Amino acid sequence: MLMPHPATLRRLVEEYESVVAHEGERGDPQSARRAQDLAYMLCVSTGTRDVRRALDAARTQLAAAQATETAELCGTGTTLPGDLGSHGPGGSGYAALHEQ
C-alpha cells in the first residue's frame, strides 16, 4: 500500500478535526461537504473505510514517522554495513566529523 507523506496526512487530520469541531457552530452545507471530502481522503490515504479507523491509522502512521525521524536525528537509526549515510563512515554524523 502506498503511504502518504506525513505532512500531508497531518494536514488532513488537522483540517478534518477543525471542520468537524466548527461544523456544529456553522450548520452550513459547505462545512458538512468539506468534512465528507476530508473523511473520504483520510480513508483513501489510510486504506480504511471508516473515518474513525482512518483517524486511528493516521495517528499511528504519524507517530511511527515521528519516532523514525527522532531516531535518525539522534543517530540511533539502523545503519547497514557499508552504509556511509550523508556524513561518511561512522555510526553518526557527529562521530564521523570528529574522527578525521
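Hydrogens, waters and symmetry mates play no part in the numbers below; they use all other heavy atoms, side chains included. Worth saying up front: this structure is predicted, and the values here are computed from it rather than measured.
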* Asked: Does Asp37 come within less than 4.0 Å of Arg33, counting only side-chain N to carboxylate O?
  -> yes
* Looking at residues at least two apart in the chain, or sitting in another chain, which of them share a side chain to side chain donor-acceptor pair (under 3.5 Å) with Glu14? -> none
* Distance in Å, His22 NE2 paired with Arg34 CZ, rounded so as to fall on 0.5 Å steps -> 15.0 Å
* Which heavy atom of Ala58 sits nearest a heavy atom of Val13, and at what distance? -> CB-CG2, 3.6 Å
* Where is the tightest heavy-atom contact between Tyr16 and Leu55, given as atom of each residue plus distance? -> CE2-CD1, 3.8 Å
* Looking at Leu12, Thr8, Leu9, which hits side-chain contact (heavy atoms from CB on, under 4.5 Å) with Met41? -> Leu12
* When rounded to the nearest 0.5 angstrom, what distance separates CG in Asp50 from CZ in Arg52? -> 4.5 Å
* **Flag side-chain contact, heavy atom, 4.5 Å: Pro4 against Gln61** => yes
* Structure fact -> Value for OG1 (Thr48) from CG (Leu42), rounded to nearest 0.5 Å, stands at 8.0 Å
